[in-house]
Amino acid sequence: MEKFVKYLLILIFALCTLSVSTVPQNAVSTIDIDASRPASYTIPRTIFGSFLEPIGNSIYGGLWAEELQNPSFEDNLWSADNLRTMIRDNPALERASQLGLPLPWEPLDSAQGNRYAPRWNDAANSYRSLEIMGLPQKEVGIRQQVYLPVQRILQYTGSIYVKHLDGPPQIEISIRERNHAENVLARAPIHLSGNAWNKYPFTLEMPEGRIRPLQPSDFVLVVRDATRVLVDLVSLMAADNAQGMDPDMIAMAKAMKTPLLRFGGNFTSAYNWRDGIGPRDKRITMLNLAWGMPEYNQFGTDEFLEFCRLIGAQPQIALNLGTGTPEEAADWARYVNQRWDNHSGLTWELGNELWGSFQVGYPPRDQIGKLTKSFSDAVRAVDPSARLIATGADPDRFRDWNAVQLENPPGTFNYLSTHFVVTTSDLVQKNASAEFTAQAAFALPVQLERQLRAMHNQIAGSPDKDVKTAFTEWLFWAPDATYPRYDNVAGAIGAAGVFNMLLRSADIVPISDMTGIMEFAGIWKKRSQVFGAPAYYVFNMYSNAGVSRPVETRVQSETYNVHQGDKRLPEIPDVPYLDAVAALSDDARTLTLFCVNRHLTQDIRALISLRGFSSVSEAVVTSLSSDNIYDQNDAEAPKKIYPREQRLSIPNAPLEYTFRHASVTEIQFSKR
């Protein structure tokens, strides 16, 4: 009897934990759309905002077209953790460091021993230069592995600062086969003049076919014979760069039609905007404290504003409430307004995740209201029409922090931010199956929608009832791609769920910034190949649809419950397998239906009825899915996951359509 009870308890626990029903094979869902019943609000374009931060290779090694790392030969630019990773990936860097070379520079020939010395008191840029000392009848030099975008262009331009110390006044820049110094692919001799620091431009023309796309090569700088030089701030860019930016990344970013671009993140709390303005050759290289990586300051305020112009976005900038001052913030607002066509009323964020002890200079909770007010007053003095976003807390832990912010006088800010960067592998249930983990992740937008309404109810009970929520970061994160995360199909399904939620919640959440426009759920560059994550294409499906006003959409679908799911939101009841939202365009000539099928294995057959909208006989269907929800795009297969388009005949009776399992679908109807 005791053993029977034990097994019965285990069975009950398993059933309660999973609590996921199976859609009957013959079940038919219904989607009833009534276009004559529009919502009371319009969908602001700003829910399709995106997010840019110097993290990983999003800017340096990504959007910024510079091919070289540590071009100014500085030290202390990486955290110990990042240094370990660099040396693990390229063990030769350990020997390079022993020879006095700043990482990731390597000697041309390590057998020559130490012919290099850093100089701290004599530099053209930042704090250090590097001395290179020649040997009779030999080449002595340094090199760095690069991946050149030869699939797009063969001409590369650059410059270098050199101070001639001794010997023949000449150096040479070249591109050589990786680890084969004898195979020179392109070279540019540089004749030196005088003994002071001088800047020397150069051009390298690659022969066609000598380097394959995705193949590494070495950028090399050599001296010969008795020549001794100091070198500093070397640069190499593809000749077709757009004011320092990668044209492929600009093109893909422009295709997103994002109306708002956030410049912020954890780096904000230690960032002084003045470090990133003025002549680029004079900007100082330093450590990005948030991410333990270099901040070259080559991509600063002016470059960010130019990127916004190139892609058609408005700037949304997060101010430094960690190490910064109200006066510094006001000066930044004045600087940006003057350079953004003397425009006022831009969007400014008063800090980033200040509730976290990982933020440099984070305030105690009881001081956040006062701190917010002081920065608000400073920015409003410069621009009374500025739209201000105060730092709010995450949807699962917002009440106490937001309550302090809402004690501020009405008008202190226009929005309270919230973020949801969720780790989909971190579940309450131990040893959860892959299926349960995925469906728990897919359910998160459902509970997020409920939490955002609860946040709004708290605001509605405060003195400043006009405040709205700005969802300025959201991301599905996991330690690797065997879980639902930003760069696989499962992450794209999660992103579509968020967009459906945002369409339904745009009356209270008029600003949203997906993480990010570069890397994460956005645009990637690996080995010079630019490609989009699956979620990038989902973003485009929504942002390019031209939706303006939601209409009544009633869905009847099987549901499931999540119990002991993600630790952030572990209990989520009544999750529909089929999630649908419909919306009209501005001119009401187009009706778009967005559907997410959350079921991992079963296609869902649905009857779609249209009322209040007379459609032409054909609709356009765009869908994104894959045989495996963990599939990704990468440098070798940049469009493995890509939306597919087809035409769909519209019958007089209700339309029957089968939504593929684990898919995102857009059906666009045009008015007859």
Side-chain angles (χ1 to χ4, degrees), residues 54-62 64 66-120 123 125-135 138-148 158 160 171 173-185 211 214-223 229-236 285-289 291-296 298 525-528 635:
I55 177 176
N57 291 315
S58 59
I59 294 178
Y60 304 113
W64 195 240
E66 178 61 65
E67 302 291 343
L68 301 173
Q69 297 183 67
N70 195 3
S72 190
F73 305 102
E74 305 303 319
D75 60 352
N76 194 33
L77 296 184
W78 284 274
S79 65
D81 211 32
N82 285 332
L83 281 174
R84 279 191 292 269
T85 300
M86 289 172 66
I87 294 172
R88 181 200 66 201
D89 293 344
N90 183 7
L93 292 179
E94 186 169 358
R95 175 59 176 156
S97 180
Q98 293 168 354
L99 295 175
L101 290 176
L103 302 184
W105 292 95
E106 301 175 59
L108 184 66
D109 182 359
S110 60
Q112 290 174 341
N114 201 331
R115 306 298 299 175
Y116 317 97
R119 289 279 191 96
W120 277 271
N125 172 268
S126 296
Y127 310 106
R128 293 208 320 178
S129 62
L130 181 69
E131 182 176 356
I132 304 176
M133 297 164 270
L135 286 170
K138 292 183 182 295
E139 287 186 332
V140 176
I142 57 174
R143 63 187 177 123
Q144 187 177 131
Q145 177 177 279
V146 293
Y147 289 92
L148 302 178
I160 186 170
I171 66 169
I173 302 292
S174 61
I175 299 292
R176 308 190 183 195
E177 184 180 346
R178 177 65 178 161
N179 295 325
H180 288 276
E182 72 282 0
N183 190 1
V184 179
L185 305 175
I211 298 180
L214 310 181
Q215 180 183 354
S217 56
D218 278 330
F219 173 85
V220 176
L221 187 164
V222 298
V223 301
V229 294
L230 295 180
V231 295
D232 202 358
L233 196 59
V234 58
S235 175
L236 178 72
T285 294
M286 56 186 63
L287 176 67
N288 178 331
L289 289 177
W291 303 114
M293 55 175 275
E295 174 51 68
Y296 302 118
Q298 297 293 290
K525 182 162 72 176
K526 296 282 190 182
R527 292 182 286 165
S528 83

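Although no hydrogens or angles enter the test, the distance criterion places no donor-acceptor pair under 3.5 Å between the side chain of Ser110 and the main chain of Pro107.
Heavy atoms of other residues, nucleotides or ligands lying less than 6.0 angstrom from CD of Glu94 number 12 at most.
Taking OH of Tyr296 as the start and OG of Ser235 as the end, the distance is 11.5 Å to the nearest 0.5 Å. Atom CD of residue Glu66 and atom CD of residue Gln298 lie 7.5 Å apart, to the nearest 0.5 angstrom.
Here the closest non-hydrogen pair linking Pro71 and Leu68 is CD-O, 4.1 Å. The two residues Asn179 and Asp218 make their nearest non-hydrogen contact at N-OD2, 3.0 Å. Across every non-hydrogen atom of Arg128 and Pro118, the tightest pair is NH1-CB, 3.4 Å.
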Yes or no on side chain to side chain donor-acceptor pair (under 3.5 Å) for Glu295 and Tyr60, after CA distance, side-chain angles and deciding distance?
-> CA-CA 8 Å; Glu295 174 51 68; Tyr60 304 113; 2.7 Å; yes

With side-chain contact (heavy atoms from CB on, under 4.5 Å) as the test, would you mind laying out the steps for Ile175 and Leu236 before giving the verdict?
-> CA-CA 11 Å; Ile175 299 292; Leu236 178 72; 4.2 Å; yes

For Trp120 and Asp75, run side-chain contact (heavy atoms from CB on, under 4.5 Å): C-alpha distance rounded to whole Å, both residues' side-chain angles, the deciding distance at 0.1 Å, then the answer.
-> CA-CA 10 Å; Trp120 277 271; Asp75 60 352; 3.9 Å; yes

Stepwise, does the side-chain contact (heavy atoms from CB on, under 4.5 Å) test hold for Glu67 with Phe219?
-> CA-CA 9 Å; Glu67 302 291 343; Phe219 173 85; over 6 Å; no

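Each of Asn82, Asp81, Asn76 was checked for a side-chain contact (heavy atoms from CB on, under 4.5 Å) with Trp78, and the lone residue meeting it is Asn82. Among the candidates Leu99, Val140, Val223, the single residue satisfying the side-chain contact (heavy atoms from CB on, under 4.5 Å) test with Arg115 is Val140.
Scored by the side-chain hydrogen bond (donor to acceptor under 3.5 Å, both in side chains) test, Asn114 finds no partners at all (sequence neighbours excluded).
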